[in-house]
Structure formats: C-alpha cells, structure tokens
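Comments concern the structure below.
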There are 2 protein chains.
Amino acid sequence: MTTTTDSTYSIGDFAKAVGLTAPTLRYYEAQGLIEPHRSTNGRRYYQENDVNWVKFLLHLKGTGMSISELKQYVLWRAEGDETIPQRLALLQKVKADFLVQFNEVQHHLQILNDKINWYEEKEAGVTDDPEDFATYLKRFGHHE
Amino acid sequence: MTTTTDSTYSIGDFAKAVGLTAPTLRYYEAQGLIEPHRSTNGRRYYQENDVNWVKFLLHLKGTGMSISELKQYVLWRAEGDETIPQRLALLQKVKADFLVQFNEVQHHLQILNDKINWYEEKEAGVTDDPEDFATYLKRFGHHE
DNA sequence: GGTTGACTTAAAGTGCACTTTAAGATGTAA
DNA sequence: TTACATCTTAAAGTGCACTTTAAGTCAACC
C-alpha cells in the first residue's frame, strides 16, 4: 500500500477496489481483458478509470458473457469507433440470450415457490388433505 | 423404441422425453438423483412419473441447486415425511440465494441495456454529443 | 443370419473460470 | 538491518457438470 495520493493502485489494492483477487486480475490480464501500466520495477499499477472498466466488465460477465466474448469485445474496442456495430451486435445477442435464460429461470423460481408453499401447507394442516404436488401445481396453472 | 403402450421408456426414449442425454441420465443415477427399474436383461427402464420427477429436479437445478444439494434433497425424500422440515429449509435457503442472484443479475441487465442504448444513440447522432458512458449512466441514476 | 443400432460398464477426457503452488525479487515498517 | 508482506512468473491443480471413449452384450429388422 503506497500512501501517495495520486490515485494509482497496486494489484492488491486494486483487487480490493473491484472485489476480485490479485490472481484473478492477472488471469484477466492474460486473457486480454485488462492492461495495467508497469512501474520501473516491473510491478503493475492501476488507475481510477480501470476501476470503472473492470466493474463494467463484471456487469457484462454477469449477464452471461464468457471470457472469450469479453475478449472479443475488448479487441473491437481497441480498434476504435468503426467497430461499434460489431460491439452493439454482440451486446444485443448477449441480451437476447440473457432474456431467454431470464424467463426460464423465472419459471424455475415459480415451481420452487410452489413447492415451498406446498411443503408449508403440508406442515400446517398435518393430518388431512393428501393432495400431491402435481395436482397442487395444476390448481395454479403451473405446468411441468 | 419398443412399441408397447405400457408407458415405460428405454433410457434413449426417456432422454428425449426429459430433454437430456442418456449419458447424463446415467450420471444423474450415479449421483443418486434417479433410480430407474431394470428389466430382466439388465437394461434400465423408466416410467411416466419419472418424467415428472426429472422435470422437477431440473427446475430445482435451474434455481441454482447443485448436484450434491439435489442429492441431499433426494436422500431426505427417501426418508419420508419426517424430513420435510429439512427439505423445506433447504428449499428456502435455495430461494434466498436465488433472490440475491436475481437482483444482481437484474442490475447487470440494466447496465447492459444502458450500454446498448448508449451505442445506439452514438450510432444515430453520429457527429455530435461526445457524452461518455459514465456520464450517460448518471443521467439515469444507474451507478457502477 | 447378418448387420445395425441401442444398450451395458468403468474410466478417462473436456471446458470453463479460476486457484494454488513454487521459487524468487523487492518494498515497507520496527 | 532484519523481518514480513507483497510483488513477479510459469505451470500445475481444482471443482463442477457433464461428455467421450473403449470394449463388449443384446435386440430388432431385412
């Protein structure tokens, strides 16, 4: 931890700032996602805008983009504004895939909720109502 | 494909019925998630209620449950109704974890959407407005 | 009756995204 | 100055959820 006020980060400090580990940052760098500067002694240092960049990468990653898709995105970005159509198309495809998954996962949640409610009702009224889960689901129009 | 109408499935037919592959079904069986019957020649066969069971497992899996959590669930299920509290607690924990992830992922989507819109606006009004993405985000109160 | 395709097992391989290890160099604090 | 934390690299290891391979058995169709 250098106590200079010039808003640069060692890899350890930067890792804390973005919520990753130093090895993960080196891994992302090896994959071409980040390119920190080096001080004269060969050590990496990161700057404030790198924080925003990594956080943005993590948002994209969180929508389902793989490391190799992120790498492609980064390569296009480095080429300049003429690759904006490619980047836009990639993000739109990521969004479309995401929305498909999102709908599926909401259905999974519905079934999970139904099962939890079914167990809770079974626990509450212990002695009667032997309705099974499949029948229970049908009462709500929740299929499969 | 046997053409008997007795609603039993070979592993291949069952795989198609539930949208998995035969090797995956054998893998799930090895993990203790399914227990098909065997015909006299040693071959697995599955029945109609196994379809519902696997589909339900896939819903739980889709909410984030790991194979080992599903296995624990299956073990408790085999013990009978006295393990309903444990099963309920597990599902409630799965749901809680799911909801945390769900909120995070919605935030990721918001940033992805903002970026797509930012690119689209940049593509539309080609020559003016050099507003950067960080500034753009702040206009909507979308942080990080 | 022969060929094709589906089944059986056990074990090894795959892909992804890290994580850990090893061995060494350097910076910081007491 | 000594000790300890942090950094460096390259390479090997991990965990999860399958997937593939190999070698063989068996059943149905022509």
Side-chain angles (χ1 to χ4, degrees), chain A residues 1-6 8-46 50 54 57-74 94 97 101 104-105 108, chain B residues 1-4 6 8-46 50 54 57-74 94 97 101 104 108:
Chain A
M1 167 93 78
T2 54
T3 322
T4 55
T5 172
D6 58 2
T8 76
Y9 298 82
S10 70
I11 193 169
D13 292 343
F14 188 68
K16 278 166 200 153
V18 298
L20 296 172
T21 67
T24 300
L25 287 170
R26 293 193 194 98
Y27 170 74
Y28 282 1
E29 184 181 340
Q31 302 310 308
L33 305 190
I34 327 170
E35 220 185 307
H37 304 276
R38 298 281 182 150
S39 54
T40 46
N41 55 36
R43 294 191 172 185
R44 293 167 178 84
Y45 69 88
Y46 302 80
D50 296 322
V54 169
L57 278 183
L58 293 178
H59 282 303
L60 293 187
K61 192 165 176 299
T63 63
M65 279 180 85
S66 65
I67 298 286
S68 73
E69 283 175 321
L70 288 170
K71 182 179 186 168
Q72 177 60 267
Y73 182 84
V74 168
V94 167
D97 292 350
Q101 290 298 311
E104 288 179 8
V105 117
H108 297 322
Chain B
M1 168 93 76
T2 52
T3 322
T4 54
D6 60 1
T8 75
Y9 298 83
S10 69
I11 193 168
D13 293 342
F14 188 68
K16 279 166 202 155
V18 297
L20 296 172
T21 66
T24 299
L25 287 170
R26 292 192 195 98
Y27 170 74
Y28 282 0
E29 183 181 341
Q31 301 310 308
L33 305 189
I34 325 169
E35 221 185 306
H37 304 274
R38 298 280 182 150
S39 56
T40 46
N41 55 33
R43 296 191 170 186
R44 292 166 180 84
Y45 67 90
Y46 301 79
D50 295 322
V54 169
L57 278 182
L58 293 178
H59 282 304
L60 292 187
K61 192 164 175 298
T63 63
M65 278 181 84
S66 65
I67 299 285
S68 74
E69 283 176 320
L70 288 170
K71 182 179 186 170
Q72 177 60 265
Y73 182 85
V74 169
V94 167
D97 292 350
Q101 291 296 311
E104 288 179 6
H108 297 321

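Chain letters run A, B, ... following the sequence lines, proteins first and then strands; every chain starts at 1.
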End-to-end axis angle, where each axis spans five pairs of the helix from C:dG1-D:dC30 to C:dA30-D:dT1, to 10°
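The helix from C:dG1-D:dC30 to C:dA30-D:dT1 shows an end-to-end axis angle of 10°.
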
Can you tell me how far apart [atom1] ([X]) and [atom2] ([Y]) are? Round to the nearest 0.5 Å.
{"X": "A:Lys71", "Y": "A:Ser66", "atom1": "NZ", "atom2": "OG", "result": "11.0 Å"}
{"X": "A:Leu33", "Y": "A:Tyr27", "atom1": "CG", "atom2": "OH", "result": "8.0 Å"}
{"X": "B:Met65", "Y": "B:Tyr73", "atom1": "CE", "atom2": "OH", "result": "7.5 Å"}
{"X": "B:Lys16", "Y": "B:Ser10", "atom1": "NZ", "atom2": "OG", "result": "7.5 Å"}
{"X": "B:Thr8", "Y": "B:Asp13", "atom1": "OG1", "atom2": "CG", "result": "8.5 Å"}
{"X": "A:Leu58", "Y": "A:Thr63", "atom1": "CG", "atom2": "OG1", "result": "11.0 Å"}

Out of D:dA17, C:dT8, D:dC7, which nucleotide sits closest to the side chain of B:Lys61?
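Of D:dA17, C:dT8, D:dC7, D:dA17 is nearest to the side chain of B:Lys61.
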
Using the side-chain heavy atoms of A:Arg43, tell me which of these nucleotides is nearest: C:dT26, D:dC18, C:dT8.
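Output: C:dT26.
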
Between [N] ([atom2]) and [X] ([atom1]): distance, integer Å:
{"X": "B:Glu69", "N": "D:dA17", "atom1": "CD", "atom2": "C1'", "result": "14 Å"}
{"X": "B:Ile67", "N": "D:dT19", "atom1": "CD1", "atom2": "P", "result": "11 Å"}
{"X": "A:Tyr9", "N": "D:dT6", "atom1": "OH", "atom2": "P", "result": "17 Å"}
{"X": "B:Asp13", "N": "D:dA28", "atom1": "CG", "atom2": "C1'", "result": "14 Å"}
{"X": "B:Leu57", "N": "D:dA17", "atom1": "CG", "atom2": "P", "result": "13 Å"}
{"X": "B:Leu58", "N": "D:dA17", "atom1": "CG", "atom2": "P", "result": "13 Å"}
{"X": "B:Lys71", "N": "D:dC18", "atom1": "NZ", "atom2": "P", "result": "15 Å"}

Respond yes when some side-chain nitrogen or oxygen of [X] is under 4.0 Å from OP1 or OP2 of [N], and no when none is.
{"X": "A:Arg44", "N": "D:dC7", "answer": "no"}
{"X": "B:Lys16", "N": "C:dA6", "answer": "no"}
{"X": "A:Asn41", "N": "C:dA25", "answer": "no"}
{"X": "B:Ser10", "N": "C:dC7", "answer": "yes"}

What residues from residues 19-40 of chain A pass a heavy-atom cutoff of under 4.0 Å to DNA chain D?
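The stretch gives A:Arg26, A:Arg38 as the residues lying under 4.0 Å from the strand, ordered by number.
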
Regarding A:Ser66, tell me which of base, sugar-phosphate or nothing describes its non-hydrogen contacts under 4.0 Å with the strands shown.
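Sugar-phosphate: the residue A:Ser66, judged by heavy atoms under 4.0 Å, touches backbone atoms but no base.
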
Any residue meeting ring pair (Phe, Tyr, Trp, His ring centres under 6.0 Å) with A:Tyr9, in chain and number order, not counting sequence neighbours
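For A:Tyr9 the ring pair (Phe, Tyr, Trp, His ring centres under 6.0 Å) partners, ignoring immediate neighbours, are A:Phe14.
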
Show your reasoning for whether salt bridge (Lys or Arg N to Asp or Glu O under 4.0 Å) applies to A:Lys61 and B:Glu104.
CA-CA 12 Å; A:Lys61 192 165 176 299; B:Glu104 288 179 6; over 6 Å; no

Salt bridge or not between B:Arg26 and B:Glu35? Use side-chain N to carboxylate O under 4.0 Å.
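Not counted as a salt bridge, because no side-chain N and carboxylate O are separated by less than 4.0 Å.
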
